[in-house]
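Below you'll find the structure, written out as structure tokens, and then a few comments.
Just so you know, ligand 1 is whichever comes first in the structure, and atom 1 is the first atom listed for that ligand. Predicted model only: the values in this text are computed from it and were never measured. In this chain, numbering begins with 1 at the start of the sequence shown.
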Amino acid sequence: MLQQNAASGLKIAIVGAGPAGFYAAEALAAACPDCEITLIERLPTPYGLIRSGVAPDHQTTKSIQNTFERIARLDNIRFVGNVEIGGDVSLDELRRFYDGVVLACGAPLDAPLGIPGDNLPEVYGAAQFVGWYNGHPDFAELNPRLDGGGVVVIGNGNVAIDIARVLSKSPDELANSDIAHHALQRLSVADLSDVHIVGRRGPVEAKFTTAELQELGELQTTVALADAAELPETIGEEFSLRDRRLKNKNLECFKAFAQADPMSRARRLRFQFNARPVQVLGDDRVEAVRFERTRVVGEAVEGTGEIFEIPCSLVVYAIGYRPSPMLGVNLRGTDNRLQSDAGRVAPGLYVVGWLKRGPSGKIGTNRIDGEEIAKKIIAEVDASGRTGFSGLEKLFQERSLRWTDFDDWKAIEAAEVAAALMGAPRRKFVRVDHMLEVCRKIPATPA
Ligand code: NAP
């Protein structure tokens with residue numbers, strides 16, 4: 001149980017209204033019921049990766065937003081959308097209004113692939129591509145060409161699986177998802193024959209979870225395939241009992257994929273292991289990816305010198321994320337996170353979520369982060385008579401900033417639900433100006 005102390009009356013701003021921000025807000029509100037918490041988001045809409053990262057066909061996972069709505073409605077929490085800290089308002093300005101600021105703005109950019117040809121048209125990072133099919137306004141104009149033959153998805157994590165699965169599903173299978181309408185239209189006429197999901201390590205090291213693999217065995221129009229020659233008989237003794245059990249389940253999936261008939265469905269999803277990308281080939285757009293075969297030696301991946309190519313018209317790399325440099329805080333190190341002392345970046349400035357830990361972990365991992373940071377803030381920060389939201393709101397007025405509150409979000413959500421196609425939970429707005437029109441009560445239809 002957290003203790004209340006001199007922190008009572010604190011004014012805290014949280015930058016980022018995704019899972020990390022909401023869990024930090026919840027923990028702070030519980031620890032300090034008379035503090036004032038402002039949850040600030042760059043988009044007019046809340047929920048961060050729940051809305052724009054979690055796969056559109058994983059609606060059960062997205063239902064966590066019901067919990068976040070309950071948090072947003074707590075008396076001492078205020079949602080403020082459509083305000084970019086580091087853009088509309090600087091971090092220094094924000095800090096002048098609040099006793100403490102918690103950065104919960106994640107890692108929204110793609111870690112670079114960093115090989116020749118990675119800047120060719122039709123080569124996208126996961127943040128872009130997932131953002132496109134999830135209707136994130138930043139990526140609504142991406143317009144990927146899904147017009148021929150093969151796709152290469154680089155990476156062996158759950159994001160790579162999400163992308164490969166969305167590309168492999170039929171329009172019928174996506175009908176009850178909240179995939180962006182532009183993506184559903186494009187996928188409905190896509191002419192893709194082979195989706196290759198390629199990992200630089202082996203099947204044993206792959207970071208997929210079993211539930212995600214099992215789903216791939218049940219697709220209507222795509223058959224998941226693996227090469228039996230790439231699969232070990234069993235999982236080695238070097239892993240803990242728990243890891244062996246989990247890895248064995250994955251191995252069973254791959255073994256089933258190795259038995260599948262490649263001609264049993266119109267499209268194939270092929271797992272390929274021990275191959276690291278060395279070059280994207282093509283002139284005006286991507287034509288193939290060149291790989292070098294690898295072997296895993298302890299923790300390291302070593303090239304064997306053996307080269308091969310996979311022809312494709314689209315490449316998506318899902319190899320991790322990095323933070324945005326927009327905040328003006330010093331992002332140190334090369335490990336894609338903000339350096340902190342257990343969450344404290346500087347006096348009165350804190351960090352949680354992917355920006356603190358790096359891009360890993362489950363949604364619930366953020367709850368632990370939130371509780372830890374709340375304890376730290378309550379122990380370290382005293383209320384100092386700052387204005388909190390009232391001062392920030394004056395600045396919004398001076399700058400004519402149109403910010404959204406939670407009621408605005410509910411109006412946007414209601415319009416999305418009303419516009420949903422049969423079976424779908426919503427039809428997302430993909431443009432900020434359209435969202436804001438709804439808030440002004442001017443009828444608008446999602447794009
Ligand atoms: P991840 O699990 O860390 O996987 C990243 C993959 O990229 C790894 O296979 C990694 O290989 C590979 N990689 C990194 N750099 C590479 C390079 N230069 N060339 C080739 N491959 C490279 O990350 P993620 O898939 O982005 O997922 C992020 C987090 O979100 C994870 O915790 C994930 O479980 C979670 N998530 C969960 C779900 C779900 O539960 N359904 C869905 C989506 C995301 P090495 O292993 O060799 O480094």
Side-chain angles (χ1 to χ4, degrees), residues 18-20 48-64 106-118 123-131 133-134 152-166 177 196-216 243 246-247 250 271-280 289-303 310 315-323 334-337 353-366 368-369:
L49 281 184
I50 302 302
R51 182 170 161 97
S52 64
V54 171
D57 57 339
H58 278 180
Q59 289 296 315
T60 312
T61 309
K62 284 178 190 270
S63 65
I64 190 74
L109 306 179
D110 285 298
L113 190 55
I115 58 174
D118 64 1
V123 179
Y124 301 106
Q128 296 174 292
F129 198 75
V130 173
Y133 66 58
N134 265 330
V152 167
V153 180
I154 296 171
N156 267 189
N158 281 334
V159 173
I161 278 220
D162 281 346
I163 293 165
R165 185 183 67 255
V166 168
S177 77
H196 304 264
I197 177 165
V198 189
R200 63 182 175 180
R201 300 174 200 264
V204 175
E205 292 82 20
K207 292 172 173 164
F208 310 130
T209 43
T210 307
E212 272 60 34
L213 282 177
Q214 283 168 340
E215 255 188 288
L216 301 181
D243 281 357
L246 293 174
K247 288 175 184 298
N250 282 5
F271 284 89
Q272 284 171 262
F273 299 104
N274 292 106
R276 69 177 173 200
V278 291
Q279 188 172 359
V280 182
V289 182
R290 181 171 289 160
F291 290 93
E292 180 182 19
R293 292 232 177 264
T294 63
R295 61 179 155 248
V296 176
V297 182
E299 294 291 299
V301 176
E302 287 181 357
I310 302 179
V315 175
V316 188
Y317 53 96
I319 62 169
Y321 299 100
R322 64 189 166 89
T334 54
D335 53 358
N336 292 331
R337 58 200 169 112
W354 276 12
L355 188 56
K356 173 189 169 206
R357 304 190 313 271
S360 67
K362 299 179 177 168
I363 294 164
T365 314
N366 295 298
I368 302 162
D369 260 17

| request: Grab the two heavy atoms, one from Gly155 and one from Ile197, that are nearest each other, plus how far apart they are. | output: O-CG1, 3.8 Å
| said: I'd like the contact residues of ligand 1, where contact means a heavy atom below 4.0 Å. | reply: Ile154, Gly155, Asn156, Gly157, Asn158, Val159, Asp162, Arg200, Arg201, Lys207, Glu212, Pro277, Ala318, Ile319, Tyr321, Trp354, Pro359, Ser360, Gly361
| note | Taken in chain and number order and not counting sequence neighbours, the residues that satisfy ring-ring contact (aromatic ring centres under 6.0 Å, His included) with Tyr124 are none
| query | Between Trp354 and Tyr321, how do the two ring planes meet: parallel, tilted or perpendicular, split at 30° and 60°? | reply | parallel
| request: Please examine the side chains of Val152 and Ile154, heavy atoms only from C-beta on, and report whether any two atoms are closer than 4.5 Å. | output: yes
| Residues Asp369 and Lys356 bridged, charged N to O under 4.0 Å | yes
| request: Tell me yes or no: between the side chains of Asn134 and Ser52, is some donor less than 3.5 Å from an acceptor? | output: no
